[in-house]
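Before any comments, here is the structure.
The chains referred to below are lettered A, B, ... by the order of the sequence lines, with proteins before strands, and numbering in each begins at 1. Side chains included, hydrogens not; waters and symmetry mates left out as well; all remaining heavy atoms used.
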Protein chains: 2
Amino acid sequence: MRRTKEDAHNTREDILNAAVTIFSEKGVGASTLEEIAQKANVTRGAIYWHFKNKAEIFDALHERMHRPIVEMLIEDIEKDHPEPIQQLRDMCVRLLMNIEEDAMKRQAMMLFIIKTNYSGDMAIYKENYLAKKEEGKKLFRRYFEKAQKAGKLSKDSNPELLTEAISCYMKGVLHEYLINPEGFNMKKKAPQLIELFLNNIGLNEGN
Amino acid sequence: MRRTKEDAHNTREDILNAAVTIFSEKGVGASTLEEIAQKANVTRGAIYWHFKNKAEIFDALHERMHRPIVEMLIEDIEKDHPEPIQQLRDMCVRLLMNIEEDAMKRQAMMLFIIKTNYSGDMAIYKENYLAKKEEGKKLFRRYFEKAQKAGKLSKDSNPELLTEAISCYMKGVLHEYLINPEGFNMKKKAPQLIELFLNNIGLNEGN
DNA sequence: GACAACATACATACATGAATGTATGTTAAT
DNA sequence: ATTAACATACATTCATGTATGTATGTTGTC
């Protein structure tokens with residue numbers, strides 16, 4: 001039966017929210033539309049009304065789930081801070097902690113780093129994933145550029161390489177956490193791991 | 001018809017080798033026994049003669065694929081070296097390079113880090129994965145312990161934390177490489193990334 | 001040594017269930 | 001009255017697991 005536009009919008013949201021949960025638990029490939037429908041309290045017919053297939057659901061999720069994390073970084077880098085490396089350090093710790101606390105962000109990371117197999121039907125989304133990853137790296141890079149401009153990074157530092165390194169490290173820490181959340185004490189480890197790495201960057205910090 | 005024991009053994013190996021390739025391309029969940037059978041030039045009947053199901057193939061692969069990497073680390077750590085941190089540095093670089101060059105090792109990493117969704121039927125293998133990961137970490141730790149004993153690590157260093165850090169970092173670098181091998185220049189980046197990282201966590205050469 | 005009986009190592013055929021996509025029915029908004 | 005937003009029914013395909021067929025290695029008996 002026909003519903004209001006608001007009801008239809010809510011149904012679509014329910015489907016997407018259900019999909020996030022199922023996808024991030026079971027992986028995209030092993031999730032069925034029936035499961036998603038049940039989780040959303042609708043039938044598969046409703047899913048097919050709103051989306052062409054599973055891949056289109058994934059597509060709809062893609063941007064919306066990256067956004068909060070990207071926005072967090074953008075918001076932070078645009079703040080004035082006398083010590084950009086310290087700023088980056090705090091940001092990394094905060095990001096890791098926040099991913100643990102905020103289910104939406106955690107599911108986003110789980111979905112894109114662990115639970116999506118970018119081959120077969122999903123291969124077309126690898127470009128999206130790589131683009132988003134590159135976007136995140138550019139944001140990290142801005143911290144180093146800011147530090148360099150402020151003279152807080154030694155002359156022989158290479159922002160490109162530092163960006164690459166912190167990206168790898170953050171991904172590694174996240175992967176370790178996401179693969180076994182109960183076995184990884186994020187509150188304790190995030191500060192330790194990040195400080196260990198970022199402590200010696202720009203040894204003229206505070207000069 | 002009955003074959004020789006050697007023929008049967010060869011068939012089993014063909015099946016396992018085919019499975020590695022298919023699994024590491026398509027992911028375990030999206031691989032079918034028919035594909036593996038075709039790759040191995042046998043029928044599904046042969047697979048069912050040798051293995052109960054897909055999971056049992058995965059099980060058979062588990063130990064054998066970790067072994068070369070673990071052995072590489074064991075062999076290295078057991079060598080006498082006056083500079084254990086330098087030794088670790090070289091080992092990390094060599095490991096990354098070797099994973100790029102050696103298809104077996106690369107497929108192993110691809111399979112266990114990227115292409116296996118440890119949920120559903122595969123959830124029972126998560127423990128195996130975590131155990132192997134822990135084994136690798138213990139080997140990394142031995143470098144730090146060796147360095148500490150040789151007085152090449154400062155008194156306030158924490159081998160546990162250093163082990164955790166290098167493990168996360170190596171995983172991050174590998175993940176970056178494996179998700180997009182064509183876009184990652186391992187020969188150029190591995191030495192740079194490893195040197196930068198170890199320098200920044202206070203493991204400067206010549207300490 | 002010859003040969004029959006048995007069993008192995010597959011190949012092929014059959015049975016089934018699950019998931020997807022499409023068609024059709026229903027009902028309420030517009 | 002029309003049509004959107006679903007729910008339900010139908011059709012199809014695919015992958016898995018099981019059953020059966022085939023032919024050759026192995027072993028025991030004569």
Measure [atom1]/[X] against [atom2]/[N] and give the value in whole Å, please.
{"X": "Lys5(A)", "N": "dT30(C)", "atom1": "NZ", "atom2": "P", "value": "8 Å"}
{"X": "Asp7(B)", "N": "dA23(D)", "atom1": "CG", "atom2": "P", "value": "17 Å"}
{"X": "Ile15(B)", "N": "dA11(C)", "atom1": "CD1", "atom2": "P", "value": "8 Å"}
{"X": "Tyr48(A)", "N": "dC10(D)", "atom1": "OH", "atom2": "C1'", "value": "14 Å"}
{"X": "Leu33(A)", "N": "dA19(C)", "atom1": "CG", "atom2": "P", "value": "10 Å"}
{"X": "Ile57(B)", "N": "dA15(D)", "atom1": "CD1", "atom2": "C1'", "value": "14 Å"}
{"X": "Trp49(A)", "N": "dA23(C)", "atom1": "CH2", "atom2": "C1'", "value": "14 Å"}
{"X": "Asn53(B)", "N": "dA15(D)", "atom1": "CG", "atom2": "C1'", "value": "13 Å"}

Are any of Thr11(B)'s side-chain N or O atoms less than 4.0 Å away from OP1 or OP2 of dC10(C)?
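So the side chain of Thr11(B) is within the cut-off, an N or O lying under 4.0 Å from OP1 or OP2 of dC10(C).
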Phosphate oxygens OP1/OP2 of dC6(D): is one of them under 4.0 Å from a side-chain N or O of His50(A)?
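For dC6(D), OP1/OP2 do have a side-chain N/O of His50(A) under 4.0 Å.
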Determine whether Gln38(B) and Asn41(B) make a side-chain contact, defined as any pair of heavy atoms from C-beta on separated by less than 4.5 Å.
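No, too far: nothing below the 4.5 Å cut-off.
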Would you indicate whether the side-chain heavy atoms of Leu193(A) and Tyr169(A) approach each other to under 4.5 Å?
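Yes, at least one pair of side-chain atoms sits under 4.5 Å.
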Nearest-nucleotide 5' precedence on DNA chain C, Asn41(B) against Thr32(A):
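Nearest nucleotide further toward 5': that of Asn41(B).
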Specify the residue among Ala46(A) and Thr4(B) whose closest nucleotide of DNA chain D lies further upstream toward the 5′ end.
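Its nearest nucleotide lies further toward 5', so the answer is Ala46(A).
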Start at the 5' end of DNA chain D and walk down; is the nucleotide closest to His9(A) or to Lys54(B) reached first?
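Going by which nucleotide is closer to the 5' end, it is His9(A).
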Taking the six-membered ring of Phe184(A) (Phe, Tyr or Trp), confirm whether the NZ or CZ of Lys189(A) is under 6.0 Å from its centre and within 45° of its axis.
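Yes, a cation-pi geometry holds between Lys189(A) and Phe184(A).
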I'd like to know if the side chain of Thr116(B) reaches the main chain of Leu111(B), judged simply by a donor and an acceptor atom lying under 3.5 Å from each other, with no hydrogens or angles considered.
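Between the backbone of Leu111(B) and the side chain of Thr116(B) there is a qualifying donor-acceptor contact (under 3.5 Å).
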